[in-house]
Amino acid sequence: MSRNIIIIGSIFCALAVAIGAFGAHGLKGVLEANGRLETFETGVKYHFYHGLGLLLLGALADKIEQNWLKWAAVFMVIGILIFSGSLYILSITGINWLGAITPIGGVGFIAAWIALALGAKK
């Protein structure tokens, strides 16, 4: 399982770099024009932090109870997809109701870190 988590984390980190570069170069004019560059950058920042978090989970896999490890990884992935994904789409399209689902991704991030703590405690 740790190998899969490291692979997934690596892919998410690579995507964060690519999406961040695309936003900074390819979308900068659009994002600045609609005043959403900072929102996009927040999505990239949390995407990258939690991609690194997945790498941390993979590296700590032998020190964490496996069930908690699995849930921490699942919650991080869900958090990236919902939190960062909704901010990316909101920034580009201006669909404001997506801001209402962004906190669900934040709850996923919190749950992931709590799962890591619980797994390390066991």
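Just so you know, residue 1 is the first one in the sequence shown, and it goes up from there.
Counting heavy-atom neighbours within 6.0 Å of Phe109 CZ, excluding the residue itself, gives a total above 12. Around the CD atom of Glu38, the shell of radius 6.0 Å holds no more than 12 heavy atoms that belong to other residues, nucleotides or ligands.
Between the CD1 atom in Ile7 and the CG atom in Leu54 there is a gap of 12.0 Å [rounded to 0.5 Å]. Here CZ of Phe83 is found 12.0 Å from CD1 of Ile104. Values are rounded to the nearest 0.5 Å. Residue Arg36 holds its CZ atom at 6.5 Å from OG1 of Thr39, rounded to the nearest 0.5 Å. Atom CZ of Phe75 is separated from atom NZ of Lys70 by 9.5 Å, given to the nearest 0.5 angstrom. Taken from OG in Ser91 to CG in Leu27, the straight-line distance is 9.0 Å, to the nearest 0.5 Å. To the nearest 0.5 Å, atom CD1 of residue Ile92 and atom CG of residue Leu87 are 11.0 Å apart.
Residues Ser2 and Asp62 form no side-chain contact, since every pair of their non-hydrogen atoms from C-beta on lies 4.5 Å or further apart. Residues Trp113 and Met76 have side chains in contact (heavy-atom distance under 4.5 Å, counting atoms from C-beta outward). Contact check for Lys28 versus Leu31: no side-chain heavy atoms found under the 4.5 Å cut-off. Using a 4.5 Å heavy-atom cutoff, the side chains of Val44 and Ser84 are not in contact. Residues Leu56 and Leu52 form no side-chain contact, since every pair of their non-hydrogen atoms from C-beta on lies 4.5 Å or further apart. When side chains are defined from C-beta on, Phe40 counts as touching Ile19, because their heavy atoms get closer than 4.5 Å. A heavy-atom distance below 4.5 Å is not found between the side chains of Leu69 and Trp71. The shortest side-chain heavy-atom distance between Leu116 and Leu57 falls under the 4.5 Å cut-off.
Across all their heavy atoms, Pro103 and Ala100 have their closest contact at CD-O, 3.5 Å. When all heavy atoms of Ser86 and Thr102 are compared, the closest pair comes out as OG-OG1, 2.7 Å.
Criterion: ILVMFWY side-chain heavy atoms under 4.5 Å apart, direct or through other members. Under it, Val107 and Ile114 are not part of a common hydrophobic cluster. Connection of Ile78 to Ile89 is established within a shared hydrophobic cluster, with ILVMFWY side chains joined at heavy-atom distances below 4.5 Å, either directly or through further cluster members. Hydrophobic clustering places Trp97 together with Ile82 (ILVMFWY residues linked when any side-chain heavy atoms are closer than 4.5 Å, directly or through intermediates). With hydrophobic clusters built from ILVMFWY side chains whose heavy atoms lie under 4.5 angstrom apart, Ile8 does not share a cluster with Ile11.
Between Phe12 and His50, the ring center distance fails the sub-6.0 Å criterion.
Applying side-chain contact (heavy atoms from CB on, under 4.5 Å) to Val77 and the options Leu81, Val74, Ile80 leaves one that passes, Leu81.
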Verdict with supporting geometry, Trp68 and Lys121, side chain to side chain contact (heavy atoms under 4.5 Å, CB included): CA-CA 10 Å; Trp68 287 113; Lys121 184 179 177 186; over 6 Å; no
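In terms of modelled atom types and a separation under 3.5 Å, the side chain of Gln66 and the main chain of Ala61 share a donor-acceptor contact.
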